[in-house]
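Read the structure below first, then the notes.
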Amino acid sequence: MAGFEDEKRRILSMSVEDRRKHYRCGPKFVTLSNVPAWPEYYTKNKFMVDKCAASKDAITRLLSGSIYTPDAELNKKISVFTGDITTLEVDAVVNAANNSLLGGGGVDGAIHRAAGGALYRECVTLGGCDTGDAKITGGYGLPARYVIHTVGPMGEKPALLESCYRRVMQTAIDNNIRTLAFPCISTGVYGYPNEAAVCVVLPVVRTMLEAHRDKFDRVIFCLFLKVDIDIYHRYLPVFFPLP
Ligand code: APR
């Protein structure tokens, strides 16, 4: 079942210009320069973000004493992007996979379709992935050079969801991956409540960025559903407050 190694080596050795001739999405790819960082996004979408704001009481209850201060450097390292993760030209996109790593529906299906058969052939060699863990492969036909596969929990299990994001970001660090895009892991087929998920995701991403701020240039939250857009608009100002 091999036959992915040569393709992986060939694609990863190409310049960006040459790789762009091979993206299965064709010219529809989105470059990082076209994904505004959080401060610029807020300036452009202030009304939309502000109208989702949580009440002061809700924030006080949620934070229960934790304080998140404005951090201009961190704020420039995160983005929200609404659209198809398979179009993002980043070092790695994150796949919300299942334990087999052999594909499925949702974002898993979209990533495998966009990457092509070599992704499946490499995944077969990985021997699956535990829930909460992460494994890396090439990106093949994707604009992303790599895919970091993680398996989220079925239902609301915060420790396992936190582990997904922590393990993905540690895998990125171990592989010198500096730009990364996450889908909303576990909130689709696996049924993690959307709002509860964001209240796990944003603190753990902030903690990891604070601990490894020189290792990342951008972490993109790739949103696909309106419900998630409103929720990220509500909680980004809480965990990544702007000055
Ligand atoms: N780009 C970005 N996000 C997407 C895309 C896409 N092309 N397609 C779907 N999504 C979003 C969904 O709308 C949801 O918000 O990804 C989020 C995660 O949903 P799922 O893909 O259903 O993932 P998850 O809930 O983690 O369930 C994983 O589903 O597809 C199977 O094989 C997968 O068994 C695994 C399970």
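This structure is a prediction, so every number in the text was calculated from the model and none was measured. Counting starts at 1 for both ligands and their atoms, in listed order.
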## Note on the structure
In ligand 1, the atoms that come under 4.0 Å of a heavy atom of Asp84 are 1 (N), 6 (C), 7 (N)
### Message
Check Arg20 with Glu89, please: is the shortest side-chain N to carboxylate O separation under 4.0 Å?
### Response
yes
### Query
Short list, please: which atoms of ligand 1 are under 4.0 Å from a heavy atom of Ser186?
24 (P), 25 (O), 26 (O)
### Query
Counting from 1, what ligand 1 atoms have a heavy atom of Ala110 closer than 4.0 Å?
7 (N)
### Task
Show which atoms of ligand 1 fall inside a sub-4.0 Å distance from at least one heavy-atom site of Ala96.
23 (O), 26 (O), 28 (C), 33 (C)
#### Entry: From Val151, Ile85, Thr82, Asp108 - option closest to atom 2 (C) of ligand 1 by heavy atom
Ile85
#### Entry: Single-linkage hydrophobic cluster Val107~Tyr190, side-chain heavy atoms < 4.5 angstrom
no
#### Entry: Reference residue Leu160; test side-chain contact (heavy atoms from CB on, under 4.5 Å); the match among Glu156, Glu162, Lys157
Lys157
### Polar side-chain atom of Thr82 near backbone of Leu223 as donor-acceptor pair, under 3.5 Å
no
### Task
Starting from atom 30 (O) of ligand 1, find the nearest protein heavy-atom neighbour and note its residue, name and distance.
Gly105 O, 2.7 Å
### Residue-ligand contact Thr86/ligand 1, heavy atom below 4.0 Å
no
#### Entry: Donor + acceptor pair across side chains of Ser55, Asp57 (<3.5 Å)
no
### Task
Please state whether Gly152 comes within less than 4.0 angstrom of ligand 1, counting heavy atoms only.
no
### Task
If you have a sec, work out which protein heavy atom is nearest atom 36 (C) of ligand 1 and how many Å separate them, to one decimal?
Tyr190 CE2, 3.5 Å
### Query
Is the closest heavy-atom distance from Gly83 to ligand 1 below 4.0 Å?
yes
### Query
Which atoms of ligand 1 have any heavy atom of Thr187 under 4.0 Å away?
14 (C), 15 (O), 25 (O)
### Message
If we count only N and O atoms by modelled type, under 3.5 Å, do the side chains of Tyr41 and His233 hold a donor and an acceptor together?
### Response
yes
### Message
Which of the numbered atoms in ligand 1 are under 4.0 angstrom from any heavy atom belonging to Cys184?
### Response
15 (O), 17 (C), 18 (C)
### Query
For residues Arg218 and Ser79, is any side-chain donor paired with an opposing acceptor at under 3.5 Å?
yes
### Query
Short N/O distance, under 3.5 Å, between Val107 and ligand 1?
yes
### Query
Can Lys226 and Asp230 be counted as an ion pair, charged N to O under 4.0 angstrom?
yes
### Message
To check your reading of the model: name the closest protein heavy atom to atom 11 (C) of ligand 1, its residue, and the distance in Å.
### Response
Phe224 CB, 3.8 Å
### Query
Do side-chain atoms of Lys76 reach the backbone of Pro39 as a donor and acceptor pair under 3.5 angstrom?
no
### Message
Tell me if a side-chain donor or acceptor on Asp130 pairs with a main-chain N or O of Asn99 at a distance below 3.5 Å.
### Response
no
### Message
At less than 4.0 angstrom from any non-hydrogen atom of Asp228, what atoms of ligand 1 do you find?
### Response
15 (O)
### Query
Which residue supplies the protein heavy atom nearest to atom 29 (O) of ligand 1, what is that atom called, and how far is it?
Val189 CB, 3.5 Å
### Message
For the 3.5 Å polar cut-off, considering only N or O atoms, please tell me whether Gly188 and ligand 1 meet it.
### Response
yes
### Query
Only one of Tyr68, Trp38, Phe221 clears ring-ring contact (aromatic ring centres under 6.0 Å, His included) with Phe239; which?
Tyr68
